[in-house]
Amino acid sequence: MKNKGILTVVSGFSGAGKGTVMKKLMENYDNYALSISMTTRAPRPGETHGKEYFFSTKEEFEQKIAAEQLLEYACYCDNYYGTPREYVEEQLAAGKDVILEIEIQGALKIKEKCPDCLLLFITPPSAQELERRLVSRGTETMEVIQQRLARAVEESEGIEAYDYIVINDDLDTCVKELHSLVQNAKNTVECRAEFIKDIREELKQFSKGEK
Ligand code: 5GP
């Protein structure tokens, strides 16, 4: 039987470069499945429905909550964001390593539901670099940038809930580090419980000469 994949949650300040890191991770390695979230925020220029997000109305979003079709959801800067349940469950069962790129409230809810998941926090090397990236992205007004920086202050208080931080200074280094953290996490004794059980059983049979 194929091993189940591991569920990894990646969070980080808005502007930390998570989107670019995820894109590169998907390009470089083929065992990942990136969950596409649902959101009530408006698409940014260049974003398409079904690619970066499933864009929805507040009413549609609330229907999904009521039907328990979201694995988690949170309100972030006045908009809803949530993870569609079905895709994540299907991909994990098919052995894919599923990545959720979500904020901290959602990350904590996932940890509660799936204690075996891995929580990674991506950060730029400094606060100054974060502001520079937010401004140079050119997709948000100064007001929204201020709102996101204020939110980053709050989020920085929650970093200790994560298993590892990954500093996104050089993109390729960051992607390699993230990949190796995920692959190593698959070999913890908790994640390999099934393998351990099987090998114990086989060893017993061999030692009794039954195989
Ligand atoms: P943005 O508007 O910049 O695309 O995303 C804002 C924040 O929402 C980011 O921190 C992003 O990781 C988070 N986010 C995106 N999708 C989800 C989701 O499905 N659930 C939760 N809880 N947060 C999400």
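Side chains are part of it too, since the values below use all heavy atoms of this structure and drop only hydrogens, waters and symmetry mates. Counting starts at 1 for both ligands and their atoms, following the listed order.
At the top of the distance list for atom 20 (N) of ligand 1, counting protein heavy atoms only, stands Glu72 OE2, 2.7 Å. Closest protein heavy atom to atom 22 (N) of ligand 1: Glu103 OE2, 2.7 Å. Among all protein heavy atoms, the one lying closest to atom 19 (O) of ligand 1 is Ser37 OG, 2.7 Å. Scanning all protein heavy atoms for the shortest distance to atom 4 (O) of ligand 1 gives Tyr53 OH, 2.5 Å. Counting only heavy atoms of the protein, atom 11 (C) of ligand 1 lies nearest to Glu101 OE2, 3.6 Å.
Shortest non-hydrogen contact noted between Glu47 and Ala42 is OE1-O, 4.5 Å. When all heavy atoms of Gln91 and Val98 are compared, the pair lying nearest together is CB-CG2, 3.6 Å. Contact detail for Lys111 and Asp163: the closest heavy-atom pair is NZ-OD2, 3.7 Å.
By the 4.0 Å heavy-atom criterion, Met38 is excluded from the residues contacting ligand 1. Within the 4.0 Å heavy-atom cutoff, Lys18 counts among the residues contacting ligand 1. Residue Phe13 places no heavy atom under 4.0 Å from ligand 1.
Using a 4.0 Å cut-off between heavy atoms, Arg44 contacts ligand 1 through its side chain alone, with no backbone atom that close. Contacts of Met22 with ligand 1, taken as heavy-atom pairs under 4.0 Å, are absent altogether. Counting heavy atoms closer than 4.0 Å to ligand 1, residue Gln105 contributes nothing at all. Looking at Glu52 against ligand 1, nothing comes within 4.0 Å, counting heavy atoms. Counting heavy atoms under 4.0 Å from ligand 1, residue Tyr76 touches it through the side chain alone.
For Glu155, no nitrogen or oxygen atom sits less than 3.5 Å from a nitrogen or oxygen atom of ligand 1, counting backbone and side chain alike. Considering backbone and side-chain N/O of Tyr73, none are found under 3.5 Å from N/O of ligand 1. Checking only distances, Arg137 never comes within under 3.5 Å of ligand 1, N or O to N or O.
Distance check: Tyr81 OH to Arg41 CZ gives 4.5 Å after rounding to the nearest 0.5 Å. Once rounded to the nearest 0.5 Å, the distance linking CG of Leu178 with OH of Tyr29 reads 9.5 Å.
In summary, the atoms of ligand 1 found under 4.0 Å from a heavy atom of Arg41, numbered by their order in the structure, are 1 (P), 2 (O), 4 (O). Within ligand 1, counting atoms from 1 as listed, the ones closer than 4.0 Å to a heavy atom of Ala74 are 22 (N). The distance from ligand 1 to the heavy atoms of Gly106 drops below 4.0 Å at these ligand atoms: 22 (N). When each atom of ligand 1 is checked for a heavy atom of Gly82 under 4.0 Å away, the hits are 18 (C), 19 (O), 20 (N).
By the neighbour-count criterion of 12 heavy atoms within 6.0 Å, atom CG of Asp172 is densely surrounded, having more than that number from other residues, nucleotides or ligands. At most 12 heavy atoms of other shown residues, nucleotides or ligands fall within 6.0 angstrom of atom NZ in Lys64.
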Exercise. Going through the distances and angles, do Arg44 and Glu140 end up as a salt bridge (Lys or Arg N to Asp or Glu O under 4.0 Å)?
Worked result: CA-CA 9 Å; Arg44 294 189 186 123; Glu140 265 95 12; 2.8 Å; yes
Compile the donor-acceptor pairs under 3.5 Å between side chains in residues 113-131 and protein atoms, sequence neighbours left out, one pair per line.
unit_1, atom_1, unit_2, atom_2, d
Lys113, NZ, Leu71, O, 2.5
Ser126, OG, Glu129, N, 3.1
Glu129, OE1, Arg132, NE, 3.0
Glu129, OE2, Arg132, NH2, 3.0
Glu129, OE2, Arg133, NE, 2.7
Glu129, OE2, Arg133, NH2, 3.4

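Annotation: side chain of Thr40 is not in contact with side chain of Glu60 (no heavy-atom distance under 4.5 Å).
Taking Lys58 as the reference, Glu62, Tyr80 meet the side chain to side chain contact (heavy atoms under 4.5 Å, CB included) condition, with sequence neighbours excluded.
Side-chain polar atoms of Glu103 and Ser11 form no donor-acceptor pair below 3.5 angstrom.
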